[in-house]
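Side chains included, hydrogens not; waters and symmetry mates left out as well; all remaining heavy atoms used. Labels below follow one simple rule: chain letters A, B, ... track the order of the sequence lines, proteins then strands, and each chain is numbered from 1.
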Amino acid sequence: MIDALQAFVVVAVLGAALGSGWALAPYVARVLAGSPTFLDRLLGPLEKRTYRLIGTDPSSGMGWKQYFFAALLLNVAQMAIAFLVLVGQGALPLNPQGFPGMNWELAFNTVVSFASNTNLQHYAGESTLSYFSQMGAIQFLQFTSAATGVCVMAAMVRGFKRGSANMGNFYVDFVRVVSRILLPLCLVAAVVMVALGVPQTLGGYITVKTVEGATQRLLVGPVASLVSIMQIGTNGGGYFGANSAYPFQNPTPITDILQIYLMLLLPTTLVFAFGELVGKKRETLPILIASYGLLAIDLMIAFIPSMAAVGPGIEARFGAFFSTFWTVVTTAVTTGSVNSSLAGNNPLAILSAFMGMVIQATPGGEGVGIMYMIMYIVITVFVVGLMTGRTPEYLGAKINARDVKLVMVAFLIHPVIILVPTVLAYATKAVNAIPGFSSLPTSVGFTQILYEFTSSAANNGSDFLGAAANTPFFNVATAVVIFVGRFAPIMVLLALSGSMIGRRRSESQTLRTDSGSFSLVLTGSIVLLAVLTFLPFLMLGPILTYFQGLVNFLG
Amino acid sequence: MASRVPRLDSVLGRVRLPRRPSALTAKTLSDSVARLSPVALVANPVMFVVELTFFVVAAMAVDPYAFVPAASPAERVFYVQVAAILLVTVWFSTLSDSLAEQQAKNTASSLRRLETEVPVKKVVTEGWERKVVPATSKSLLKGDLVMLDKGDVVPTDGDVLEGIAMVDESLVTGESAPVRKSPGDSLIGGSTVVSDTMTARITANPGESYLDQMVRLVESSKRPKTPNEAAITMVLFGLTGIFTIIILSMLGLSVELGLNTDLSVLIALYVCLLPTTIGALLPAIGLSGITRLYERKVVAKSGRAIETAGDTDVILLDKTGTITVGNRHVVEIIPMGGHTERDVGEAAFLSSWFDDTPEGRSVISVAYERGYVPRELNSLSLSEVYDFSANTRTSGVKIHFGSSFVLPKGSMQRVRRKFFVEDASDRGMHLSGEESEIVKGAPDSFLKVGFSVPEEFPGLVEKISSAGDTPMAVARDHQVIGLIRLRDVLKDGTKEKIDAVKAMGIRPVMITGDQPLTAKSIASEVGIDEFIPQAKPEDKFNIVKKEQAQTRVVSMIGDGTNDAPALAAADVGLAMNSGTEAAKEAANMVDLESNPAKIIDVVLLGKQLLMTRGAVTAFSISNDVAKYFAILPVMFAATLPALHSLNILGLGVHTAVLSALIFNAVIIPLLIPLAMRGVAFRPSDTMTLFLRNVLIYGVGGVIVPFVGIKLIDVLLGAL
């Protein structure tokens with residue numbers, strides 16, 4: 001249980017995220033709607049020239065296929081660039097520590113992981129990556145993947161909006177999201193972070209003499225800039241292997257709270273922006289209530305147990321409360337940054353983490369959280385809408401068999417890419433390649449494997465295994481799961497939305513999706529649909545661990 | 001809304017059927033068993049999968065050794081039990097199909113009195129001569145002529161070509177009084193001629209009549225899925241896929257983690273999680289929707305039309321026949337401009353003589369009762385008749401006096417039939433060489449054509465109209481001489497039905513030829529806010545198009561050829577069986593009783609159908625929560641005792657699986673009555689229905705199985 005001050009911190013952080021999200025949403029919506037913004041004067045001419053150079057007409061819209069393939073192609077090209085940077089970092093500048101190039105399978109895993117907003121890390125940054133790689137590969141992909149998520153969401157919402165003629169122009173969206181939303185926010189956040197003690201330097205690691213007389217190497221680098229986009233872009237891949245459990249990435253309780261807030265900021269903003277983008281502000285209500293309602297439930301599950309939450313690996317500086325709070329939020333928005341070793345967390349905090357990742361919409365990752373939420377709304381409207389005696393409609397569009405088919409396909413992707421590789425990991429004995437795995441209790445070991453693939457599929461990126469999973473099976477399997485888990489649902493959901501364009505819309509929708517009662521039903525149905533799918537496996541994992549009175553520590 | 005709308009059943013009223021045999025017969029039972037064949041089940045993915053699992057568990061029961069370690073020979077009895085329940089689950093599903101289909105067929109055939117071939121007298125033309133040759137009903141093609149005498153059965157749908165006869169349609173429509181059929185009227189296959197002789201032209205090829213269409217619709221194999229059925233099937237496919245992956249993964253993990261889960265228990269969990277309830281009942285629900293329309297003598301040409309009816313936003317109601325009974329009675333004759341009541345009465349009599357509308361008949365009967373039989377009656381024979389025209393909205397006669405004394409034979413018969421006038425010719429008067437034009441009709445028409453009008457005319461017209469009555473002006477020789485006050489009689493029960501559709505957020509729009517004040521008064525009496533007065537038949541089409549342009553779903557009725565384009569354009573067009581062939585072709589439903597008010601029933605039944613589908617789907621999915629809690633804790637009871645804390649129902653380790661499976665099976669027959677009758681509801685706004693049904697079928701769907709499984713477990717424990 002948590003005390004009153006801790007409860008206040010939780011409420012204050014969530015309240016701040018909601019407040020600033022609400023305040024920022026109109027601006028974000030303007031950016032996505034292509035309306036003038038304060039940066040146009042500065043960037044307008046440059047952009048115009050760029051569009052002419054790449055041969056795109058910024059005023060021409062795309063169909064869903066064109067939009068999706070533009071996004072996919074750009075992402076693949078960015079992955080290729082980042083891959084070359086990682087593999088060739090030994091020959092590239094800004095490498096004061098002289099790190100060699102990464103091996104190809106780890107580099108492949110890393111670029112897929114970062115380009116998909118997952119940031120699963122099978123390496124420790126401080127001992128593997130040069131400054132150039134951190135900035136040119138890692139940070140670069142953190143910006144592009146976050147921007148891609150926001151773009152595809154904007155496209156999906158346009159499809160659902162009444163009277164849209166197309167899904168928008170991907171290139172224009174991408175440029176505007178990076179330049180008008182991500183860069184300004186990160187600039188502010190990085191400066192604040194530096195002020196709070198997070199390093200930002202291109203100088204090499206510093207060797208100092210401690211007061212006790214020992215020598216210590218201080219691992220520094222361009223940390224603040226990376227941390228700001230990693231949290232704001234719901235990426236989660238830290239500068240250091242220990243992520244925000246490492247003091248230079250997260251020096252004080254204030255930076256800890258700030259980072260939790262930054263994780264929630266943009267996903268929450270997009271929840272509010274949804275209503276603006278779709279042309280009916282009130283339609284934000286069900287998404288808001290369901291996402292924050294479920295987040296509150298997750299927090300309660302994580303905070304309720306009376307068993308000791310501290311195990312080896314828990315963040316000793318800030319204590320169990322901050323570890324648990326962070327773990328729940330980082331999975332709820334599928335960021336995946338950590339401020340403690342997951343193994344130190346209470347099994348029920350891990351259960352909450354799983355819920356965040358299987359639902360993916362509480363409020364979920366950058367943009368895709370909203371996409372999943374629309375998917376839940378469509379299926380909920382379909383089933384409960386029939387009960388009102390009409391063919392169900394969302395935003396005036398009748399939901400037909402093809403829509404339902406696409407939603408079911410999107411639903412199916414998740415269990416397939418989580419459960420099949422989990423079973424394969426055991427069946428191929430790949431788990432035995434993980435150091436110390438065989439000495440773990442069954443439920444703890446299973447939790448770790450299931451978590452690895454759930455986190456990959458949900459593009460979260462937090463994991464128990466870390467560098468221990470740097471094996472050919474896990475590198476390749478998680479890369480495939482991440483890639484499919486990222487792009488397959490995006491494709492299916494864009495297809496769903498694309499078919500809404502030009503569909504006959506009824507002017508008054510009798511089932512009010514913007515009502516409180518629908519929002520509650522939506523919340524219930526998400527629990528029913530998403531959580532029930534995974535209940536048997538959660539029972540064999542964290543739930544069993546809990547009842548066995550065990551913790552998740554790595555052997 | 002101030003007054004509460006009563007429940008659907010009481011709004012629609014009880015349906016009386018000629019006779020409906022019980023659907024549960026030996027034939028139904030054998031049919032349901034025949035449907036257990038896997039080939040027949042392929043169309044139903046959920047049940048097909050359940051049957052596959054039955055074969056697996058049956059194999060485990062036969063040879064458990066082949067399945068070790070996923071099976072244990074000591075559990076053979078349990079395997080037999082599980083296999084039996086699985087088979088029964090599938091059988092419950094096929095039984096619900098058979099029952100629904102049998103019920104639909106029974107209803108259809110209770111309407112369709114003629115399934116066997118009957119001898120007919122076919123009329124063939126050879127050269128200039130017409131001959132009657134014997135033939136059979138099945139050999140008749142569209143366009144063939146048949147002679148129908150007293151006692152003959154109408155072989156298939158047709159039109160009267162010549163002659164007038166009384167026809168008993170009671171077997172088809174339930175209307176007990178014989179109906180008079182004259183040239184142009186429709187005949188329904190299966191009705192019986194009870195007097196006179198006529199020639200009819202066949203309008204349907206064999207197997208095309210409405211009754212044939214109806215029967216074809218209930219044969220499930222030929223019934224295409226409606227859009228919502230197709231969408232629900234997608235949900236079922238998706239859920240089946242998800243649960244298949246879950247169970248296969250659990251099987252794999254059980255082996256890899258050494259959990260020793262019994263395969264039969266995994267299969268039991270699988271079947272419990274599958275949406276078997278909705279999977280089993282979906283076909284039956286759709287069929288019962290069609291059956292409920294049959295019971296009301298409405299034939300839908302497709303299941304889709306019924307579903308669309310539920311989506312109606314705007315319902316166009318013809319005032320006459322829907323809101324009012326269609327017989328406007330003369331209640332007052334008002335002379336004007338110095339004329340007497342007799343002058344007006346006699347003029348009205350003359351102008352109505354050739355007018356066979358209810359209004360015309362009422363004028364003549366009231367005029368006759370009051371003794372206003374005009375002396376010019378005999379001259380009517382050579383008069384020029386102005387038929388009612390929708391454009392001028394008047395009708396009348398121009399009488400040429402003195403040209404003839406003799407009433408034609410036909411007219412005389414009509415007089416006798418109607419009023420038993422002993423000898424009309426005795427009273428005949430003839431004023432040679434003169435002519436007089438008498439016109440009656442809508443008051444404003446006379447202003448338009450420039451007739452001279454008494455001073456008090458506009459005031460009186462308005463007074464009559466605002467009282468909800470219809471003023472009819474009578475003019476003689478271009479001068480309006482008086483008004484006739486016609487009064488509409490409201491139809492029983494219509495107001496309740498209109499309240500019901502309004503409560504559900506559907507806009508009723510009344511269409512009438514009446515002038516605005518009359519229309520308004522009648523509309524407000526039944527609670528309709530929107531009405532289109534002085535509508536011409538082509539207006540309906542425009543209204544349909546206008547509403548559809550605003551993306552509304554429009555339902556309407558129609559009977560005349562004029563209505564055909566509107567019926568075809570409307571999302572739901574209900575044609576009257578008494579209407580023209582063109583109207584019936586254009587519509588997607590036909591009401592055999594020709595009751596325009598049925599359109600409201602059709603819309604409400606469409607809603608009920610959609611609601612029933614949604615309710616059973618939601619119930620079925622919500623049930624999974626309890627099933628997880630019943631089976632999962634005991635599934636790993638031996639290897640993972642720590643999970644026993646999750647056995648919140650306190651089920652017996654051995655009986656929990658069986659209890660969940662039994663609940664899963666018996667819920668199907670328990671819900672068959674709901675599927676066949678449709679969910680009961682009180683017409684109300686969408687959000688009220690939404691909350692109510694989510695509570696009953698969604699939240700209820702979570703709670704009921706907890707109680708049900710616990711009860712079954714207690715029973716099993718006691719055995």
Is there side-chain contact between [X] and [Y], with heavy atoms separated by less than 4.5 Å?
X: A:M387; Y: B:Y697; value: yes
X: A:T391; Y: B:T308; value: no
X: A:L406; Y: B:M234; value: no
X: A:F537; Y: B:I246; value: yes
X: A:F446; Y: B:L253; value: yes
X: B:M250; Y: A:V423; value: no
X: A:L540; Y: B:L259; value: yes

Side chain, backbone, both or neither: which part of [X] has a heavy atom under 4.5 Å from chain A?
X: B:I242; value: both
X: B:T233; value: neither
X: B:Q608; value: neither
X: B:V255; value: neither
X: B:F636; value: side chain

Among the listed options [options], the residue most often paired with chain B at heavy-atom distances under 4.5 Å:
options: A:S515, A:P536, A:A427, A:P415; value: A:P536
options: A:P392, A:G389, A:A401, A:S517; value: A:G389
options: A:R402, A:K429, A:K398; value: A:K398
options: A:L511, A:V431, A:T422; value: A:L511
options: A:I379, A:V409, A:T533, A:V420; value: A:T533

Legend entry - Residue part contacting chain B, namely of A:S506, when any heavy atom lies under 4.5 Å: both
Inset, instruction - Please report the shortest heavy-atom distance between B:S249 and A:L419, naming the atom on each side. - result: OG-CB, 3.2 Å
Inset, instruction - Locate the shortest heavy-atom distance separating A:L544 from B:A642; write the atom from each residue and the value. - result: CD1-CB, 4.0 Å
Inset, instruction - Evaluate whether atom CZ of A:R505 has more than 12 neighbouring non-hydrogen atoms of other residues, nucleotides or ligands under 6.0 angstrom away. - result: yes
Please report the interatomic distance [atom1]([X]) to [atom2]([Y]), rounded to the nearest 0.5 Å.
X: B:L689; Y: A:T388; atom1: CG; atom2: OG1; value: 7.0 Å
X: A:K405; Y: B:F237; atom1: NZ; atom2: CZ; value: 10.0 Å
X: A:I417; Y: B:I245; atom1: CD1; atom2: CD1; value: 10.5 Å

Inset, instruction - Apply side chain to side chain contact (heavy atoms under 4.5 Å, CB included) to B:D685 and list each qualifying residue two or more places apart in sequence or on a separate chain. - result: B:M687, B:T688
Inset, instruction - Report the residue from B:D313, B:N228, B:D311 that forms a side-chain hydrogen bond (donor to acceptor under 3.5 Å, both in side chains) with A:R390. - result: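 Per the side-chain hydrogen bond (donor to acceptor under 3.5 Å, both in side chains) rule, the option paired with A:R390 is B:D313, out of B:D313, B:N228, B:D311.
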Legend entry - Contacts with chain A made by residues 622-632 of chain B (heavy-atom distance under 4.5 Å), listed by residue number: B:S622, B:D624, B:V625, B:Y628, B:L632
Inset, instruction - Kindly write out the residues that satisfy ring-ring contact (aromatic ring centres under 6.0 Å, His included) with A:Y376, not counting sequence neighbours, or none if the list is empty. - result: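 Partners of A:Y376 by the ring-ring contact (aromatic ring centres under 6.0 Å, His included) criterion, ordered by chain and then number, come out as A:F411.
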Inset, instruction - Please list, in residue-number order, every residue in residues 518-528 of chain A that has a heavy atom less than 4.5 Å from any heavy atom of chain B; write 'none' if there are none. - result: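 Hits under 4.5 Å: A:F518, A:V521, A:L528.
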Inset, instruction - Could you please spell out the steps behind the side-chain contact (heavy atoms from CB on, under 4.5 Å) verdict for A:L386 and B:I232? - result: CA-CA 10 Å; A:L386 274 180; B:I232 291 184; 3.5 Å; yes
